[in-house]
Student: 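Have a look at this one before I ask anything.
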Amino acid sequence: MNMNIYFSDFSFCLLVVTLMMLAMLKTSIVKRPKQYIVIFVFLLSVMAFFFDPIKAWINNGNYTDLYRFYLDMNAFRAHGWDGNNVYFRTAYYNVPLVKLLVYAVSWTNCYGLLAMIASLIAYGGLGQVLIDIQKTDHQSNQYAAIRFFIFVALINYKVVITNIRMPIGLTLFFIILYLDLVKKVPFYKCLLLYISLGAIHSIFLLFLLLRLILFVGKNYNKYWVYLIVLFSGSFVSLATRFLQRLGNSNYILNILGKIDFYTTGSKSEYYELPIIILGVVKILVTLYLLYKWKNKENGKYEELIRFTQIFSIFCAGTIWNYYLFARMTNFLPYLIVVLANQNVMQTSMNFKKMHYSELVILLLCSLHLAYYFLSYQYRVMCF
């Protein structure tokens with residue numbers, strides 16, 4: 001990876017957009033959060049459209065999943081929907097929804113749409129939930145805009161527009177979780193939606209399992225549940241044996257292959273210390289915000305709070321595996337923006353009267369933005 005790049009044209013533009021987001025929190029538009037969110041979802045998505053993963057790989061030495069998807073779109077155009085699997089880099093028979101999306105974009109011959117769609121779903125979906133929370137909870141006019149900026153600061157933009165499957169799936173999971181635990185949509189309807197996410201990425205079966213633990217755990221001492229959840233991330237061999245007994249379908253074999261690839265293969269030895277540190281910090285901040293909620297009336301958020309407890313404890317237990325830890329902690333920003341409730345953050349953008357909770361959030365955002373912009377993460381991105 002070429003580490004001699006200091007600031008690319010793309011990262012400079014992204015920095016300008018980020019600073020605009022921050023500056024506009026002090027203007028009157030913050031009281032019109034829908035306009036604020038629409039403006040910046042649009043800008044982030046337009047930038048995603050013009051990102052060039054081929055140039056990023058060839059010139060800057062930064063391989064991204066989007067480069068693989070570009071090759072797959074070429075394969076779709078050459079060999080069609082039913083082309084032999086040897087032509088593709090992704091095992092699409094396990095992820096039909098992703099296959100449909102990639103196939104559809106390939107035939108527009110406008111490959112930038114794939115990253116643009118990922119950005120629209122990831123940022124737009126989260127923004128819509130924040131606006132709904134502001135309206136239904138009668139939060140201050142600034143609520144949704146401030147929380148949206150926090151989310152953008154905590155999420156790796158490069159991952160959003162290049163990884164495709166995980167960012168889309170994470171946002172959809174969060175929306176379903178919100179409908180399930182906060183809006184109280186009947187669980188059987190949400191269950192079908194949870195299961196459908198397995199057609200985007202198999203890891204969402206694990207997310208569903210954590211949701212089911214919340215359901216089953218109500219009948220047991222919560223501390224025993226937390227202890228089991230903490231160490232469950234280490235039960236890979238047990239999970240492998242269980243999957244092997246389910247049969248030898250392509251879907252199961254693909255999951256077993258990924259478990260082996262990320263736990264015993266060469267990938268299992270790879271890690272990025274800054275990502276681990278940021279993941280640990282996100283867990284600690286989540287636990288701190290949960291503590292701030294402890295003596296407050298949770299109301300309709302009670303089950304979401306309990307799920308957040310289970311999820312953050314599970315994240316801590318997965319630190320032994322870099323890839324699992326990174327992917328699980330990538331979901332914490334969705335929970336953090338909800339935990340950063342009006343009851344926790346009272347003074348909004350009044351820096352002179354900030355409470356400890358607001359200082360913690362500010363520090364968290366600063367750490368993430370500093371790493372993203374000053375490391376290779378954003379510097380290698382290009383038009």
Side-chain angles (χ1 to χ4, degrees), residues 10 13-14 17-18 21 34 36-57 62-77 80-81 88-92 94-131 148 151-152 154-179 193 196-204 207 327 330-331 333-334 377-378 381-383:
F10 193 101
C13 291
L14 185 58
V17 171
T18 304
M21 291 184 69
K34 183 172 290 187
Y36 176 90
I37 291 172
V38 167
I39 288 171
F40 289 107
V41 168
F42 173 77
L43 289 176
L44 292 170
S45 300
V46 168
M47 288 190 63
F49 179 83
F50 289 106
F51 171 67
D52 187 345
I54 299 175
K55 182 178 177 182
W57 169 230
N62 184 237
Y63 174 82
T64 63
D65 287 341
L66 190 59
Y67 178 79
R68 183 187 77 217
F69 283 121
Y70 271 46
L71 295 179
D72 284 351
M73 285 189 281
N74 285 337
F76 274 125
R77 288 184 63 80
W81 175 269
F88 299 96
R89 303 296 184 92
T90 301
Y92 288 107
N94 293 318
V95 286
L97 292 180
V98 176
K99 181 179 181 179
L100 180 62
L101 173 62
V102 177
Y103 177 80
V105 173
S106 73
W107 285 101
T108 67
N109 200 27
C110 194
Y111 292 0
L113 284 175
L114 189 62
M116 187 177 194
I117 290 170
S119 176
L120 288 171
I121 293 174
Y123 292 113
L126 182 279
Q128 186 58 49
V129 172
L130 292 176
I131 290 172
F148 183 76
F151 178 78
V152 171
L154 298 183
I155 290 292
N156 188 332
Y157 176 73
K158 189 186 80 170
V159 171
V160 170
I161 69 171
T162 63
N163 191 255
I164 307 299
R165 294 196 295 159
M166 278 299 293
I168 289 177
L170 288 176
T171 299
L172 294 178
F173 179 83
F174 176 69
I175 293 172
I176 300 167
L177 194 71
Y178 178 71
L179 295 173
L193 295 174
S196 69
L197 294 181
I200 295 177
H201 199 298
S202 56
I203 198 173
F204 291 107
F207 279 65
R327 288 174 175 176
N330 280 343
F331 185 65
Y334 293 85
Q377 293 286 350
Y378 289 171
M381 301 181 77
C382 53
F383 291 113

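Remember, predicted model here, so these are calculated numbers, not experimental data.
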Student: Do Val38 and Val41 touch side chain to side chain, with heavy atoms closer than 4.5 Å?
Tutor: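 Answer no - side chains too far apart.
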
Student: Do the rings of Tyr92 and Phe76 sit parallel, tilted or perpendicular, given the 30° and 60° boundaries?
Tutor: tilted

Student: Are any of the side-chain heavy atoms of Ile117 and Val105 separated by less than 4.5 Å?
Tutor: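 Touching, per the 4.5 Å side-chain cut-off.
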
Student: How about Phe51 and Tyr157: are their ring centres within less than 6.0 Å of each other?
Tutor: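 Here the rings of Tyr157 and Phe51 have centres that are no less than 6.0 Å from each other.
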
Student: Side-chain contact test, heavy atoms from C-beta onward, threshold under 4.5 Å: evaluate it for Phe49 versus Cys110 and give yes or no.
Tutor: yes

Student: Quick one: list whatever passes side chain to side chain donor-acceptor pair (under 3.5 Å) with Asn156, sequence neighbours left out.
Tutor: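 Gln377.
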
Student: Given side chains that start at C-beta, do those of Asp52 and Phe10 come closer than 4.5 Å, heavy atoms only?
Tutor: no

Student: Using side-chain heavy atoms (C-beta onward) and a distance below 4.5 Å, is Ile161 in contact with Leu66?
Tutor: no

Student: Is there side-chain contact between Leu43 and Phe40, with at least one heavy-atom pair below 4.5 Å?
Tutor: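 The answer is yes; the side chains approach within 4.5 Å.
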
Student: Can you find a pair of side-chain heavy atoms, one from Tyr111 and one from Asn74, that are under 4.5 Å apart?
Tutor: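 In contact.
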
Student: Let's go through Val98 and Thr90 carefully: what are the C-alpha distance in whole Å and the side-chain angles of both, what is the deciding distance for side chain to side chain contact (heavy atoms under 4.5 Å, CB included) to 0.1 Å, and is it a yes or a no?
Tutor: CA-CA 10 Å; Val98 176; Thr90 301; 5.7 Å; no

Student: Tell me the closest heavy-atom pair linking Arg165 and Ile200, and the distance in Å.
Tutor: CD-O, 3.1 Å

Student: Mind checking the CZ-CZ spacing from Phe69 to Arg89? Nearest 0.5 Å is all I need.
Tutor: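 Here the rounded value is 12.0 Å.
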
Student: So how far is it from Tyr103 OH to Arg77 CZ, rounded to the nearest 0.5 Å?
Tutor: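 The distance works out to 10.0 Å.
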
Student: Of all heavy-atom pairs between Asn330 and Pro333, which one has the smallest distance, and what is that distance?
Tutor: O-CD, 3.3 Å

Student: How long is the span from the OG1 atom in Thr64 to the CD1 atom in Ile164, to the nearest 0.5 Å?
Tutor: 8.5 Å

Student: Which residue pairs pass the side chain to side chain donor-acceptor pair (under 3.5 Å) test with at least one member in residues 115-125, sequence neighbours excluded?
Tutor: Ser45-Ser119

Student: Compare every heavy atom of Pro53 with every heavy atom of Tyr67, then report the nearest pair and how far apart it is.
Tutor: N-CB, 3.8 Å

Student: Do Trp57 and Tyr70 pass the side chain to side chain contact (heavy atoms under 4.5 Å, CB included) test, and can you show the C-alpha distance, the side-chain angles, and the key distance before you say yes or no?
Tutor: CA-CA 12 Å; Trp57 169 230; Tyr70 271 46; over 6 Å; no

Student: Between CG of Leu44 and CD1 of Ile37, what distance do you get to the nearest 0.5 Å?
Tutor: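 It comes to 11.5 Å.
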
Student: Below 3.5 Å, can you tabulate the donor-acceptor pairs from side chains in residues 166-178 to any protein atom, sequence neighbours excluded?
Tutor:
from, atom 1, to, atom 2, distance (Å)
Thr171, OG1, Ala122, O, 3.3
Thr171, OG1, Pro167, O, 3.2
Thr171, OG1, Tyr334, OH, 2.7
Tyr178, OH, Asp132, OD2, 2.5

Student: How far apart are the closest heavy atoms of Phe88 and Gly80, and which atoms are they?
Tutor: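 Result for this residue pair: CZ-O, 4.0 Å.
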
Student: Looking at NZ of Lys55 and CG of Asn62, how far apart are the two atoms once the value is rounded to the nearest 0.5 Å?
Tutor: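 It is 13.5 Å, given to the nearest 0.5 Å.
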
Student: Ignoring hydrogens, what is the shortest heavy-atom contact between Leu100 and Trp81? Give both atom names and the distance.
Tutor: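 Reported closest heavy-atom pair: CA-CZ3, 3.8 Å.
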
Student: Do the non-hydrogen side-chain atoms of Met116 and Phe50 ever get within less than 4.5 Å of each other?
Tutor: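 Side chain of Met116 against side chain of Phe50, heavy atoms only: no contact under 4.5 Å found.
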
Student: Atom CG in Asn94, atom NZ in Lys99: separation rounded to 0.5 Å?
Tutor: 11.0 Å

